[in-house]
Amino acid sequence: MAQQEDVFKKLVAHCKEYGFVFPSSEIYDGLGAVYDYGQNGVELKNNIKKYWWDAMVKLNDNVVGIDSSIFMHPTIWKASGHVDAFNDPLIDNKDSKKRYRADVLIEEQLAKYDDKVEKEITKAKKKFGDTFDENKFRETNPNVLREQSKRDALLTRFAKALNDNNLEELRQIILDEGIVCPISGTTNWTEVRQFNLMFTTEMGSTADGAMKIYLRPETAQGIFVNFLNVQKTGRMKVPFGIAQIGKAFRNEIVARQFIFRMREFEQMEMQFFVRPGEEMQWFDYWKSFRLKWHKALGMGDENYQFHDHDKLAHYANAATDIEFRMPFGFKEVEGIHSRTDFDLSQHAKYSGKKIEYFDPELNKSYTPYVIETSIGVDRMFLSILAGAYKEEELEGGETRVVLRLPAVLAPVKLAVLPLIKKDGLPEKAREVMNTMKLEFNCQYDEKDSIGKRYRRQDAIGTPFCVTIDHQTLQDNTVTVRYRDTMEQERVSIDALHTMISKQVTGAELFNKLLQ
RNA sequence: GCGGUAAUAACUCAGUGGUAGAGCGUCAGCUUCCCAAGCUGAAAGUCGCGGGUUCGAAUCCCGUUUACCGCUCCA
């Protein structure tokens with residue numbers, strides 16, 4: 001475990017050292033759980049997004065893409081359940097370090113008063129037997145009346161505090177009632193804090209006319225609210241899918257583990273609309289397709305696993321995660337959910353619009369069911385880097401650090417290197433570079449020994465190094481040096497383009513997906 | 001959010017009250033016909049930030065920010 005954490009630390013350092021990921025706002029001491037992508041990181045990230053987009057939109061004729069805005073009408077988040085589901089007032093006990101929902105603590109206190117009343121009644125029942133009149137007892141017994149009035153007073157005060165969203169009052173209630181932590185038994189409480197999942201901002205240029213709106217916490221809702229637009233204008237027939245890549249924002253209570261859990265992150269989501277009753281077969285279809293997509297990259301099949309959810313979200317009737325073996329254990333990279341008709345029905349209800357699909361085969365209208373595939377770009381990025389990062393022992397006791405990135409994702413596809421910096425080799429190298437750069441992201445390097453340059457390229461995961469030597473000037477051939485094996489092959493410059501193109505474009509991977 | 005630990009050059013770290021250092025990397029040059037070779041030279045640090053103690057603080061104290069670990073929370 002210690003060794004794994006060590007690898008993770010080195011990976012984070014490597015990300016910074018080689019321009020993949022920088023802490024945000026670093027020269028101002030940073031900003032918590034926000035990161036920037038550097039010159040190599042942005043290339044890798046863009047390649048991941050393209051691999052996903054092409055696999056979903058290009059390969060599946062019944063999947064189309066959209067790009068909806070980050071700002072959306074605030075009612076959308078009412079409908080989706082985000083406004084109500086993630087607004088709990090929380091309080092910590094300083095002695096036990098346990099966290100509780102403040103409203104639950106108070107509700108438990110209310111229940112205690114109820115218990116006391118019930119006990120009095122049970123006692124009295126035994127005492128009076130058949131002649132017992134419960135209603136009269138409730139109205140007259142001093143003990144019951146006392147507990148009951150305490151309870152009513154508490155309920156009134158509690159309801160008002162909740163209604164006013166008065167967090168100080170909630171804390172004061174807990175103190176006044178002498179509510180103790182069940183573990184430490186103390187009343188040493190922190191302030192009550194509200195944890196909002198969503199970021200808010202204001203739309204409107206004048207303060208008084210401004211409307212409070214949210215930064216979207218998921219891209220999915222942008223798809224649901226455009227369901228009718230896309231279905232009608234694209235003449236889409238169920239089953240069909242809508243894909244989207246975009247930023248989302250969440251105030252995580254604990255944001256940790258580098259770019260694994262960030263406050264600003266990017267999602268690649270597809271919502272696939274199906275006939276009610278057919279959702280499980282499509283759930284299985286996408287489960288299998290998505291796993292193939294991951295495995296096609298060749299990072300090792302044993303590094304992936306499904307993790308089925310036991311506890312389902314309020315909208316789902318089946319859910320599974322695709323997990324990747326990170327240095328800190330198997331972690332969720334992608335979620336596949338059967339979301340039922342929850343979202344479309346909610347939006348129909350809140351918007352007052354009819355959101356249904358007329359199915360000509362069945363000759364009836366229905367609200368489609370939804371299968372969602374949702375993958376975090378940043379998590380994918382981290383899993384690829386974690387799987388690719390290797391410190392290798394070479395013969396002679398040397399080590400090298402290499403990123404064994406899938407060629408299709410590598411930020412730089414090839415480096416063009418004159419073997420030495422004279423005899424016209426740099427000029428020839430520039431010539432080769434100028435034709436290759438039309439198609440591939442290339443790097444030219446003539447500084448330092450050839451070995452050093454190879455290692456520099458290894459460190460950023462460049463799959464091919466093309467070296468121009470004296471023979472090149474004679475017969476127009478170059479050596480291609482492969483990152484993973486460090487072996488070299490002599491090829492003619494004319495053949496270079498085809499050879500590299502075959503390995504860095506997605507076509508071969510996509511063939512695997514369609515089999 | 002609580003507790004613990006940490007923060008010194010792009011990276012990894014040494015320096016524990018008295019002149020800010022090393023390795024690696026970077027840059028310039030020489031050398032070099034294929035795997036971090038060698039030689040010469042150079043640049044690069046608000047010692048995380050703010051306050052305090054002291055003749056004097058990277059070093060001691062307080063606060064704060066950021067990160068890591070544990071707990072907690074989590075569609």
Side-chain angles (χ1 to χ4, degrees), chain A residues 1-2 5-6 8-10 12-19 22-35 38 80-82 85-86 88 90-101 183-184 188-195 197 217-218 220 250-258 261 309 311-316 319 321 328 332 335 337 339 342-343 372 374 392 394-396 398-402 417-423 425 447-459 465-473 478-483 485-488 490:
Chain A
M1 190 63 196
E5 280 163 17
D6 210 41
F8 187 59
K9 269 180 80 174
K10 283 183 179 170
V12 173
H14 192 87
C15 278
K16 184 170 179 208
E17 181 69 358
Y18 289 95
F22 306 127
S24 163
S25 315
E26 200 185 5
I27 63 170
Y28 290 97
D29 292 338
L31 188 63
V34 187
Y35 291 88
S80 71
H82 285 83
F86 306 99
D88 304 329
L90 300 177
I91 190 167
D92 294 304
N93 183 273
K94 288 179 186 169
D95 298 313
S96 65
K97 315 291 178 212
K98 296 288 171 191
R99 169 171 296 161
Y100 302 91
R101 279 177 55 176
I183 291 174
S184 67
N188 190 7
W189 298 104
T190 62
E191 298 299 299
V192 174
R193 288 172 305 259
Q194 192 124 34
F195 287 82
L197 173 89
E218 63 172 23
R250 293 181 201 179
N251 263 317
E252 301 288 350
I253 296 176
V254 196
R256 284 231 185 123
Q257 272 160 339
F258 195 39
R261 180 165 287 127
H309 288 207
K311 203 180 122 195
L312 296 171
H314 59 278
Y315 50 72
D321 293 337
F328 41 93
E332 177 195 351
H337 292 195
R339 291 182 78 131
F342 176 83
D343 299 278
E372 169 188 88
S374 172
E392 294 181 346
L394 301 179
E395 289 171 32
E398 279 183 304
T399 60
R400 72 161 181 162
V401 174
V402 55
L417 317 167
L419 186 58
I420 54 172
K421 199 171 47 174
K422 59 179 184 186
D423 301 339
L425 299 187
K447 167 89 180 134
D448 297 316
S449 73
I450 191 70
K452 215 169 197 175
R453 284 179 274 164
Y454 285 153
R455 299 299 178 82
R456 269 204 286 267
Q457 294 301 328
D458 289 341
C465 288
V466 169
T467 304
I468 279 73
D469 55 19
H470 290 84
Q471 194 184 329
T472 310
L473 301 178
V478 294
T479 60
V480 175
R481 180 263 195 188
Y482 298 97
R483 177 195 66 203
T485 61
M486 300 201 295
E487 280 167 6
Q488 286 172 261
R490 189 136 208 122

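Scope of the values below: all heavy atoms of this structure, side chains included, with no hydrogens, waters or symmetry mates. Proteins come first, then strands; the chains are lettered A, B, ... in the order of their sequence lines, and each starts at number 1.
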Which of the following nucleotides, [options], is nearest to the side chain of [X]?
X: A/Lys447; options: B/rC27, B/rC35, B/rU12; result: B/rC27
X: A/Lys9; options: B/rC13, B/rA75, B/rC33; result: B/rC13
X: A/Gln488; options: B/rG29, B/rA67, B/rC34; result: B/rC34
X: A/Ala13; options: B/rA67, B/rU12, B/rU32; result: B/rU12
X: A/Leu419; options: B/rC34, B/rC27, B/rU12; result: B/rC34
X: A/Tyr35; options: B/rA67, B/rC33, B/rC35; result: B/rA67

Quick one: closest heavy-atom pair of [X] and [Y], and the distance?
X: A/Pro217; Y: A/Arg250; answer: O-NE, 2.9 Å
X: A/His82; Y: A/Ser80; answer: ND1-OG, 2.6 Å
X: A/His14; Y: A/Ala459; answer: NE2-O, 2.7 Å

A/His337 vs A/Asp469, nearer the 5' end of RNA chain B by closest nucleotide: A/Asp469
statement: Of A/Thr467 and A/Gly30, the one whose nearest nucleotide on RNA chain B sits closer to the 5' end is A/Thr467
Calculate the interatomic distance between [X] atom [atom1] and [N] atom [atom2]; express it in whole Å.
X: A/Lys16; N: B/rC68; atom1: NZ; atom2: P; value: 14 Å
X: A/Tyr454; N: B/rC33; atom1: OH; atom2: P; value: 14 Å
X: A/Ile420; N: B/rG29; atom1: CD1; atom2: C1'; value: 16 Å
X: A/Asp321; N: B/rC74; atom1: CG; atom2: P; value: 16 Å
X: A/Tyr18; N: B/rU12; atom1: OH; atom2: P; value: 12 Å
X: A/Gln471; N: B/rC34; atom1: CD; atom2: C1'; value: 13 Å
X: A/Glu487; N: B/rC35; atom1: CD; atom2: C1'; value: 13 Å
X: A/Arg261; N: B/rC73; atom1: CZ; atom2: C1'; value: 10 Å

Provide the distance between the two [atom1] atoms, one in [N] and one in [M], to the nearest whole Å.
N: B/rG18; M: B/rU72; atom1: C1'; value: 46 Å
N: B/rG23; M: B/rC39; atom1: P; value: 12 Å
N: B/rC34; M: B/rC27; atom1: C1'; value: 24 Å
N: B/rU16; M: B/rG25; atom1: P; value: 28 Å
N: B/rA43; M: B/rC24; atom1: C1'; value: 16 Å
N: B/rG45; M: B/rU8; atom1: C1'; value: 8 Å
N: B/rC74; M: B/rU65; atom1: P; value: 25 Å
N: B/rG4; M: B/rC61; atom1: P; value: 14 Å

task: Report yes or no: is there a donor-acceptor pair, N or O only, under 3.5 Å between the side chain of A/Arg250 and the base of B/rA75?
output: yes
- prompt: Under the 3.5 Å rule, do the base of B/rC35 and the side chain of A/Arg481 count as making a donor-acceptor pair?
  reply: yes
For [N], which nucleotide in any strand shown is its Watson-Crick or wobble partner with both distances under 3.5 Å?
N: B/rG25; value: none
N: B/rG18; value: B/rC55
N: B/rA7; value: B/rU65
N: B/rC2; value: B/rG70
N: B/rA44; value: none

Within the 4.0 Å heavy-atom criterion, would you say [X] contacts the bases, only the backbone, or no part of the nucleic acid?
X: A/Tyr28; result: nothing
X: A/Glu26; result: nothing
X: A/Pro217; result: base

- request: Check the pair A/Asp448 / A/Arg456 against side-chain contact (heavy atoms from CB on, under 4.5 Å), numbers first and verdict last.
  value: CA-CA 10 Å; A/Asp448 297 316; A/Arg456 269 204 286 267; 3.1 Å; yes
Donor-acceptor pair, [X] side chain versus [Y] backbone, under 3.5 Å?
X: A/Arg261; Y: A/Ala33; result: no
X: A/His470; Y: A/Leu419; result: no
X: A/Asp469; Y: A/Gln471; result: yes

message: Under 4.0 Å from OP1 or OP2 of B/rA37: is there any side-chain N or O of A/Ser449 that close?
response: yes
message: Tell me whether the side-chain N/O atoms of A/Lys422 come closer than 4.0 Å to OP1 or OP2 in B/rU32.
response: yes
Straight-line distance of [X] [atom1] to [Y] [atom2], nearest 0.5 Å:
X: A/Leu417; Y: A/Lys447; atom1: CG; atom2: NZ; result: 14.5 Å
X: A/Cys465; Y: A/Tyr482; atom1: SG; atom2: OH; result: 11.5 Å
X: A/Met486; Y: A/Tyr454; atom1: CE; atom2: OH; result: 11.0 Å

message: side-chain contact (heavy atoms from CB on, under 4.5 Å) for A/Tyr35 and A/Cys15? Distances and angles first, verdict last.
response: CA-CA 11 Å; A/Tyr35 291 88; A/Cys15 278; over 6 Å; no
Below 3.5 Å between N/O atoms, which protein atoms pair up with nucleotides 20-26 of chain B? Just atom names and distances, please.
{"residue": "B/rU26", "atom": "OP1", "partner": "A/Arg456", "partner atom": "NH1", "Å": "2.6"}

query: Testing A/Leu425, A/Val478, A/Thr479, A/Val466 for side-chain contact (heavy atoms from CB on, under 4.5 Å) with A/Thr472, which one passes?
result: A/Val478
message: Going by side chain to side chain contact (heavy atoms under 4.5 Å, CB included), name the residues that satisfy it together with A/Asp458, two or more places apart in sequence or in a different chain.
response: A/Arg400, A/Val402, A/Arg455, A/Arg481, A/Arg483
Please list, pair by pair, any protein nitrogen or oxygen found under 3.5 Å from a nitrogen or oxygen in nucleotides 41-51 of chain B.
{"residue": "B/rG48", "atom": "O2'", "partner": "A/Asp29", "partner atom": "OD1", "Å": "3.1"}

